[in-house]
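Scroll down for the structure; my scribbles are underneath it.
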Amino acid sequence: MLDNYEIFLFHREVKGLIADYNKCKDLAIKNELYYQIILLKKALKYKRNKVPR
């Protein structure tokens, strides 16, 4: 489970990766950034769906 601080760090990392993605000209690096963004977003989505009861 991710705590609030880890969620904050994930969101900050996604924001930075998106900024890098928009500036990137190299297709290989751009694809790697894309997959990292998707992975972090899936982790955050999984966290939201796994609310402890």
*Taking Leu33 as the fixed residue, which of Asn22, Asp20, Asp26 is the one that meets the side chain to side chain contact (heavy atoms under 4.5 Å, CB included) rule?*
Asp20

*Taking the side chain as every heavy atom from C-beta outward, state whether Glu13 and Leu9 have any atom pair closer than 4.5 Å.*
no

Would [X] and [Y] show up in the same hydrophobic cluster when neighbours are defined by side-chain heavy atoms closer than 4.5 Å?
X: Leu39; Y: Tyr46; result: no
X: Tyr35; Y: Leu27; result: no
X: Leu40; Y: Phe8; result: no

Measure the spacing between [atom1] of [X] and [atom2] of [Y] and express it to the nearest 0.5 Å.
X: His11; Y: Lys41; atom1: NE2; atom2: NZ; result: 10.0 Å
X: Glu6; Y: Phe10; atom1: CD; atom2: CZ; result: 7.0 Å
X: Tyr21; Y: Asn31; atom1: OH; atom2: CG; result: 7.0 Å

*More than 12 non-hydrogen atoms from neighbouring residues, nucleotides or ligands closer than 6.0 Å to NZ on Lys15, yes or no?*
no

